[in-house]
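Please read the structure below before turning to the comments.
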Amino acid sequence: MAALLRIRSICHKGVKPLFLRSSLFLRPVVAQKKDQDHVLLLTADIHASPSRYAVTSSKAASRHWTGERLLSIILLGMLPTAYMFPGPIMDCSLAAALTLHGHWGLGQVVTDYVHGDFKVKVARGGLLALSAVTFAGLCYFNYHDVGICKAVAMLWSM
Amino acid sequence: MALLLRSLARQGLSVTRAQSCVLYRHVVPMGTSAKEEMNRFWAKNTRLNRPVSPHFTIYRWSIPMMMSISHRGTGMALSTGISLFAVGALVLPGDYAHYLELIRSLSLGTPIIAGAKFALAFPVAYHTFNGIRHLLWDVGKGFKIPEVYRSGYAVLLLSLLSSVALAAL
C-alpha cells in the first residue's frame with residue numbers, strides 16, 4: 001500500500017528528494033522511467049535502514065546465526081575428540097555443546113511454527129525450562145554417575 | 001507492484017551500460033525490523049481468520065524436501081532423547097549401570113541388539129552428515145540443483161554405511 005502511495009506521488013512529481021544515508025537494507029518500492037530522455041534512467045524509491053534511523057540496528061540476529069554455525073562446527077569436532085580422549089572435561093564440554101545446540105535448534109522450530117505474542121512467550125519459556133533441566137541432568141549424570149563418554153562406551157559394549 | 005514492473009518491461013526498458021545505475025533519489029528509512037514485519041503479518045492474518053493455502057499437502061515431494069524435514073525431525077528426536085535421558089538421570093532411582101544390567105537381563109538376541117544400535121546411530125549419523133551439508137550451504141557451496149541432489153545422496157549413503165558399521169561394533 002505504501003508502494004501505491006509512492007507511485008501516485010511520483011506521478012504527480014510531488015516527491016521531495018530525501019537525503020541519502022548509508023544503508024544497511026534497501027527496499028525498492030517503485031521504479032519510474034523518464035520517457036523524455038534518450039537514455040533511460042531508473043530512479044527508485046528506496047527504503048533504507050541506516051543505523052541511526054532504524055528501529056533495530058542491532059546485529060543480534062546476525063550474530064546469533066553465526067554463533068549457531070560456530071557451535072555446530074565445534075560440536076562436530078567434539079565427536080572424534082570424545083572418542084579419542086574420553087574423560088570428565090570431554091563430558092562437560094559435550095553436555096554444554098549438546099544442550100546449547102539443541103536449545104538453539106528447537107528455538108528455530110519455535111520461530112518457524114509458533115505465532116502470536118503470547119504463544120511465542122509460552123513456547124520460549126517452556127523451551128528454556130527444558131534446556132535448563134536437560135543441562136542440569138547431564139551435569140548431574142557427569143558428576144554422580146559414569147559420565148557421557150563412558151555411558152556411550154558401556155551401552156555399545158552390550 | 002507486479003503490475004508496475006510488467007508495464008515497465010513492456011515499455012522496453014533499455015539502460016545503457018554507463019547509465020545502468022539506480023539513482024538513490026528518494027530514500028526513506030525503514031520503520032520496522034524483519035521480526036516486527038513477520039509478527040505483523042501473522043497478527044493481521046490470524047485476526048482476519050484467513051485460510052492458509054495448501055502447501056506440502058499438494059506440492060510434489062522431492063528428495064531435498066524430504067531430507068530437509070528429516071534433518072529437522074532427527075534433530076528434534078535427538079534433542080528429545082537427550083532431554084529424556086537427562087530427566088531420567090535426575091528422577092529415576094539407581095544408577096546407569098543398574099539400568100544396563102536390566103537390559104542385559106532381558107537376554108535379547110544379537111540381531112535385536114544390533115538393530116537397536118542401528119536405530120540409535122542412524123539419526124545421529126544422518127543429522128551429522130546432513131549438518132555438514134548445511135554448513136557447506138552456509139558458506140555458499142553446492143546450491144546448483146544437481147549438486148543438491150548429489151550431496152543429498154552422498155549424505156544418505158554415508159549415514160547408512162556409518163550406522164551399519166557402528167551397529168556392528
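Each chain gets a letter, A, B and so on, in the order the sequences are listed, and its residues count up from 1.
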statement: Heaviest contributor of heavy-atom pairs below 4.5 Å to chain A, chosen from B/L108, B/V91, B/L90, is B/L90
- request: Step through the shown structure and confirm whether more than 12 heavy atoms of other residues, nucleotides or ligands are within 6.0 Å of CZ on B/R104.
  value: yes
query: Which residue out of B/A116, B/S79, B/A97 racks up the most heavy-atom pairs below 4.5 Å with chain A?
result: B/S79
query: Is chain B contacted by the side chain of A/H101, its backbone, both, or neither, given a heavy-atom distance below 4.5 Å?
result: side chain
- prompt: Under 6.0 Å from the OH atom of A/Y143, do we count more than 12 heavy atoms belonging to anything else shown?
  reply: no
field: Hphob cluster co-occupancy, B/I132 + B/F122, side-chain heavy atoms under 4.5 angstrom
entry: yes
Short side-chain to backbone donor-acceptor contact, B/N45 and B/F41, under 3.5 Å: yes
task: Check for a donor-acceptor pair, side chain of B/Y126 on one end and backbone N or O of B/M67 on the other, with a separation under 3.5 Å.
output: yes
message: For the interface with chain A, which of B/T128, B/I82, B/I113, B/V87 has the highest count of heavy-atom pairs at distances below 4.5 Å?
response: B/I82
query: So which part of A/L75 gets closer than 4.5 Å to some heavy atom of chain B, the side chain, the backbone, both or neither?
result: neither
- request: May I ask you to check whether B/H55 and B/Y59 place their ring centers less than 6.0 Å from one another?
  value: no
field: Heavy-atom pair count under 4.5 Å with chain A, highest-scoring of B/H134, B/M76, B/R72, B/M38
entry: B/R72
- prompt: Just checking heavy atoms, which of residues 121-133 of chain A are less than 4.5 Å from chain B?
  reply: A/L130, A/V133
- line: So, the part of B/S83 with a heavy atom under 4.5 Å from chain A: the answer is both
- request: Name the region of B/L135, side chain, backbone, both or neither, that has any atom closer than 4.5 Å to a heavy atom of chain A.
  value: side chain
message: Looking at B/W42 and A/V114, would you say the former's side chain and the latter's main chain have a donor-acceptor pair under 3.5 Å?
response: no
field: Other residues, nucleotides, ligands: >12 heavy atoms within 6.0 Å of B/Y99 OH
entry: yes
field: Residues, nucleotides or ligands: over 12 heavy atoms within 6.0 Å of A/I89 CD1
entry: no
message: Taking side chain as everything from C-beta outward and backbone as N, CA, C, O, which of these in A/D112 sits under 4.5 Å from a heavy atom of chain B? Side chain, backbone, both or neither.
response: side chain
task: Select one option (side chain, backbone, both, neither) describing which atoms of A/L138 are under 4.5 Å from chain B's heavy atoms.
output: both
query: With no hydrogens and no angle check, is any side-chain donor or acceptor of B/W61 less than 3.5 Å from a backbone partner on B/M66?
result: no
query: Are any side-chain N or O atoms of A/D91 and backbone N or O atoms of A/I148, one a donor and one an acceptor, separated by less than 3.5 Å?
result: yes
